[in-house]
2 protein chains.
Amino acid sequence: MTDIAVVDRSGDTKGRTLIEAAYATLRNEIIDGTLEPGAKLRTEELRARYDVSGSTIREALTRLLGEALVTSEGQRGFRVAPASLDDFRDLTEVRKLIETEALRQAIAVGGEPWESEIVAAFYRLSKTEERLREDPAGASAEFEQRNRDFHRALIAACPSPWLHRLHALLYQQSERYRRLVASKRAIPRDVHAEHQGIFDATLARDSDLAVRLAGEHIERSVLALATLLAARDREAAAG
Amino acid sequence: MTDIAVVDRSGDTKGRTLIEAAYATLRNEIIDGTLEPGAKLRTEELRARYDVSGSTIREALTRLLGEALVTSEGQRGFRVAPASLDDFRDLTEVRKLIETEALRQAIAVGGEPWESEIVAAFYRLSKTEERLREDPAGASAEFEQRNRDFHRALIAACPSPWLHRLHALLYQQSERYRRLVASKRAIPRDVHAEHQGIFDATLARDSDLAVRLAGEHIERSVLALATLLAARDREAAAG
DNA sequence: GTCAACAAAAATATCGATATTAAACCGATT
DNA sequence: AATCGGTTTAATATCGATATTTTTGTTGAC
């Protein structure tokens, strides 16, 4: 006679089913770095932490397998997917390919509702960027959310479900790396100006320019991480 | 030591763990059409059929979720992913994008080992194509295998793990549609000639031509399915 | 000291049963 | 006839325990 008759909906962990809840929590913790790349994911430990059964955890982990956020080897359990600069470089190139194609298609067919959604998303993002300048730590989660919304709004009019699916997959992957950079206060970038450029070009229906700017925007994040890691290596060597 | 722990499991239904075995079998049955698009996947039924426990089936199904071969809705269980001409059209466009990019990169950096693997794969494929002409039903599984091997060999030298991953995902999806066409005896296509063209252009390192031919090759399968479905609709209307 | 063989110990994979939820049914009411 | 409520039935989601496999640790030989 345990007490859980109604699914506990505490915190950011939404999901009507227990598996979905565990899945969402786990995913967040992997993306925001709480669970570090390569870390072993013991079912017993997680089971205790989330207060659910082993099979429930197992199924949540299996889902993350499909999103390449965890790996699983034979009879040796699960781990958080490893992260490396090489992987990020590769990921970024492919994301650029997908995202720019989606953007091009969106610009080609998007109508007024699409445009106004972009305007709204850009406005919200800009507001959060201001807040971020005052309170870098506090507004960070909100910034990630709105950044994602803005990028999604840009390509929302792209008619290809598969492009959207792949984009979601790749974006999520890169979000993990981005947070790593953000948490370690990397070189300051004028992200707002970059967004503004993409925004203007998109609404002006200038495909080539929008695609070019978006591509550069995506690439810059790699540069940021590479610089960060290089600096860390130097520190490690010196200290 | 970089580890891509994704087991190859191409084709066969064996696997070290029961879950993997169930997963492989299920996947094959979905791809080859034994389990029809949209069909309900009751755990109890599958449990009995494969003689394993419910959770085992459940986990196998969850894996297929990540490959978009099954869908799952809230508390309403699993189904085989639906198939439609629209989906196939979309899928094909995106696959073209990925596969041609991978091919371009492979041609740019591939060395002699890559070339010789292509020659070997092309030879094997050609042999099977001959056999297929005599025994259309019997050699079909082998043809699928070798066709896949050939396409994979073409892009094997592409250095991007993410492109390979996406390609595998999309290729698998389209394989399901292709088998549908094959089983219904569609309009005859000179697939061999198409393969020959891609083969020649690739070994000649003519990126633009190879990419163009590969793109057309991929597109033709859509045409085949569209024609087939149109014919079926006419029959249904008439009969 | 290194290695191998083997015995605990830990972790994973798998099971069968139970609790929860959605679907099917069915009669009463408008 | 169609719709609404409540009841039964079927299916799913979840659990806790067991069977297997991997990892760890120890001892004895070389």
Side-chain angles (χ1 to χ4, degrees), chain A residues 1-11 13-27 30 35-36 38-66 69-82, chain B residues 1 3 5-7 9 12-27 30 35-36 38-66 69-82:
Chain A
M1 314 310 140
T2 35
D3 40 22
I4 311 169
V6 176
V7 179
D8 180 13
R9 225 170 277 204
S10 58
T13 311
K14 55 199 161 182
R16 300 203 323 311
T17 183
L18 285 186
I19 291 174
E20 277 165 15
Y23 158 78
T25 313
L26 232 22
R27 185 176 69 169
I30 291 174
L35 292 167
E36 291 185 13
K40 191 106 190 41
L41 294 164
R42 281 186 228 71
T43 45
E44 171 57 29
E45 211 170 273
L46 298 170
R47 200 199 68 65
R49 185 132 73 93
Y50 298 137
D51 192 42
V52 293
S53 169
S55 351
T56 304
I57 287 292
R58 204 145 214 299
E59 202 171 316
L61 288 171
T62 302
R63 266 199 213 201
L64 292 167
L65 206 67
L69 285 175
V70 316
T71 63
S72 108
E73 209 183 335
Q75 212 110 283
R76 250 161 284 173
F78 299 87
R79 314 185 146 269
V80 179
Chain B
M1 263 169 245
D3 52 340
V6 179
V7 185
R9 290 185 219 97
D12 245 359
T13 67
K14 26 190 111 164
R16 282 190 55 35
T17 184
L18 284 187
I19 290 174
E20 278 166 14
Y23 158 78
T25 312
L26 233 20
R27 184 176 71 165
I30 290 174
L35 292 167
E36 289 184 15
K40 190 106 192 38
L41 294 165
R42 275 184 287 290
T43 44
E44 171 58 27
E45 211 169 274
L46 298 170
R47 200 198 67 67
R49 185 133 73 93
Y50 298 136
D51 193 41
V52 293
S53 168
S55 352
T56 305
I57 287 292
R58 206 145 210 299
E59 202 171 317
L61 288 171
T62 302
R63 267 198 212 199
L64 292 167
L65 206 69
L69 285 175
V70 316
T71 62
S72 108
E73 209 185 332
Q75 213 112 282
R76 250 162 284 173
F78 300 87
R79 323 187 139 263
V80 178

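Predicted model only: the values in this text are computed from it and were never measured.
- Taking atom CG on Leu61(A) and atom C1' on dA11(C), their separation rounds to 14 Å, with Å as the unit.
- Rounded to an integer number of Å, the gap from Phe78(B) CZ to dT12(D) P is 9 Å.
- For the pair Arg76(B) and dA23(C), the criterion of a side-chain N or O lying under 4.0 Å from OP1 or OP2 is met.
- Remark: P of dT21(C) and CD of Glu73(B) are 17 Å apart, rounded to the nearest angstrom.
- Residues passing the side chain to side chain contact (heavy atoms under 4.5 Å, CB included) test with Arg76(B) are Glu73(B), sequence neighbours excluded.
- Residues passing the salt bridge (charged side-chain N to carboxylate O under 4.0 Å, His left out) test with Glu44(A) are Arg47(A), sequence neighbours excluded.
- With sequence neighbours excluded, the residues forming a side chain to side chain contact (heavy atoms under 4.5 Å, CB included) with Ser55(B) are Ser53(B), listed by chain and number.
- Rounded to an integer number of Å, the gap from CZ of Arg42(B) to C1' of dT9(D) is 14 Å.
- For the side chain to side chain contact (heavy atoms under 4.5 Å, CB included) test, residues two or more places apart in sequence or in another chain that qualify with Arg49(A) are Glu29(A), Leu35(A), Leu46(A).
- In terms of the side-chain hydrogen bond (donor to acceptor under 3.5 Å, both in side chains) criterion, residue partners of Glu45(A) (sequence neighbours excluded) are, by chain and number, Arg42(A).
- dA11(D) atom C1' lies 15 Å from atom CD1 of Ile57(B), rounded to whole Å.
- The closest side-chain heavy-atom distance from Tyr50(B) to Leu26(B) is below 4.5 Å.
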Report all interatomic pairs (protein N or O, nucleotide N or O of nucleotides 14-17 of chain C) with separations under 3.5 Å.
unit_1	atom_1	unit_2	atom_2	d
dT14(C)	OP1	Thr17(B)	OG1	2.8
dT14(C)	OP1	Leu18(B)	N	2.4
dT14(C)	OP2	Thr17(B)	OG1	2.8
dT14(C)	OP2	Ile19(B)	N	3.2
dC15(C)	OP2	Ser53(B)	N	2.8
dC15(C)	OP2	Thr56(B)	OG1	2.8
dC15(C)	N4	Ser55(B)	OG	3.2
dG16(C)	N7	Ser53(B)	OG	3.3
dG16(C)	O6	Ser55(B)	OG	3.2

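- Residue Lys40(A) has no polar side-chain atom (N or O) positioned under 4.0 Å from OP1 or OP2 of dT22(D).
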